[in-house]
2 protein chains.
Amino acid sequence: MASDTDLHHPARHDLRLTDVLFALSDPERLAIVRQLSDGPLEMAQCYLSDPSMPKSTKSHLMKVLREAGVIRNEPLGRGRRLSIRHDDLEARFPGLIGSVLGASVDA
Amino acid sequence: MASDTDLHHPARHDLRLTDVLFALSDPERLAIVRQLSDGPLEMAQCYLSDPSMPKSTKSHLMKVLREAGVIRNEPLGRGRRLSIRHDDLEARFPGLIGSVLGASVDA
DNA sequence: CTGATAGTTCGAATAATTTCGAACAATTCT
DNA sequence: AGAATTGTTCGAAATTATTCGAACTATCAG
């Protein structure tokens with residue numbers, strides 16, 4: 001049956017700009033989103049700056065991004081498939097995600 | 001003499017995307033920036049959602065925006081003139097401030 | 001000079017986030 | 001079924017951010 005018991009994703013019209021900006025304002029979370037800019041990834045293939053970071057912390061980073069509506073997190077096999085909610089973000093905040101991802105990656 | 005003793009503003013090349021996003025991720029701060037999008041304002045003419053908010057809190061909001069490089073805060077008469085650092089933001093993060101200010105203002 | 005206006009800064013209290021380990025759930029592999 | 005792999009969730013501890021009042025600085029008006 002449908003994955004009702006699954007993680008909640010806010011609807012497009014419920015996205016809030018400040019929540020999106022906040023989610024992207026953490027370097028680790030921004031780095032995750034950058035990795036996803038080339039296309040969906042399985043969570044296990046999504047790397048963090050500190051490889052020894054506990055999985056609960058990684059999961060929490062994903063939760064903040066998901067609850068802000070930045071990423072989609074769906075079950076895939078025994079893991080999770082992560083993707084940027086491009087269409088929804090573009091519909092609500094045109095140009096935003098592009099300018100964030102387009103910005104140079106340095107300091 | 002020169003306002004050496006004045007508030008510090010980060011140089012253009014020192015602006016960090018995450019700091020800018022964080023500064024803009026607070027509804028009150030974002031509302032301030034929106035007011036400035038029509039042009040510079042004196043701080044006293046810059047209104048907050050809660051008019052009874054203490055001036056120390058208001059000053060702190062401005063500080064976060066200034067330290068992130070979002071706004072300029074310079075002495076003018078007995079007050080302060082606030083303005084968005086459009087050129088610097090555009091140079092470092094093209095399109096970003098426009099997409100943030102362009103986004104619809106609702107919930 | 002005095003008083004009023006406009007802000008900044010400091011320190012302390014409060015609130016919100018982040019981090020981590022342990023416990024739990026679902027899926028795959030053998 | 002049992003073990004390994006991937007993650008989520010919960011609760012407590014640690015870190016950050018916010019809020020506020022009081023003290024201080026500077027400018028302007030009289």
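Numbers restart at 1 for each chain; the letters A, B, ... are given by sequence-line order, proteins then strands. Just so we're clear, the structure is a prediction, and the values are computed from it rather than from any experiment. What you see below is based on every heavy atom in this structure, not just the backbone, and it leaves out hydrogens, waters and symmetry mates.
- For the pair A:Leu61 CG and C:dC20 P, the interatomic distance rounds to 10 Å; values are reported in whole Å.
- When side chains are defined from C-beta on, A:Leu96 counts as touching A:Leu17, because their heavy atoms get closer than 4.5 Å.
- B:Asp87 meets the side chain to side chain donor-acceptor pair (under 3.5 Å) test with no other residue; sequence neighbours excluded.
- The CG atom of A:Leu48 sits 14 Å away from the C1' atom of C:dC20 (whole-angstrom rounding).
- At whole-Å resolution of the value, CZ in B:Arg81 and C1' in C:dT8 are 20 Å apart.
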Please table the atom pairs, donor to acceptor, closer than 3.5 Å between any side-chain atom in residues 59-66 of chain A and protein atoms at least two apart or in another chain.
| from | atom 1 | to | atom 2 | distance (Å) |
| --- | --- | --- | --- | --- |
| A:Arg66 | NH1 | A:His8 | O | 2.6 |

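- Here the P atom of nucleotide C:dT17 and the CD atom of A:Glu67 are 11 Å apart, to the nearest Å.
- Pairs passing the salt bridge (charged side-chain N to carboxylate O under 4.0 Å, His left out) check and including a residue from residues 17-38 of chain A, sequence neighbours excluded, read A:Arg16-A:Asp19.
- For B:Val33 against B:Ile84, the heavy-atom pair with the smallest separation is O-CD1, 3.4 Å.
- For A:Asp50 and C:dT19, the CG to C1' distance is 12 Å, given to the nearest whole Å.
- Between B:Leu76 atom CG and C:dG7 atom C1' the separation is 13 Å, expressed in whole Å.
- In the helix from C:dC1-D:dG30 to C:dT30-D:dA1, the rotation axis of the first five pairs and that of the last five pairs differ in direction by 30°, rounded to 10 degrees.
- Contacts classified as salt bridge (charged side-chain N to carboxylate O under 4.0 Å, His left out) and involving residues 71-82 of chain A (residues at least two apart or in different chains) are given here: A:Asp6-A:Arg80, A:Glu74-A:Arg81.
- Put simply, CD on B:Glu74 is 13 Å from P on C:dT8, counting in whole angstrom units.
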Quiz prompt | Nucleic acid footprint by protein, nucleotides 7-18 of chain D - heavy-atom cut-off 4.0 Å, B for base, S for sugar-phosphate alone | solution = BBB-------SS

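- Closest of all the heavy-atom pairs between B:Val70 and B:Val20 is CG2-CG1, 4.0 Å.
- Per the geometry, CE belonging to B:Met53 stands 16 Å off C1' belonging to C:dG7, to the nearest Å.
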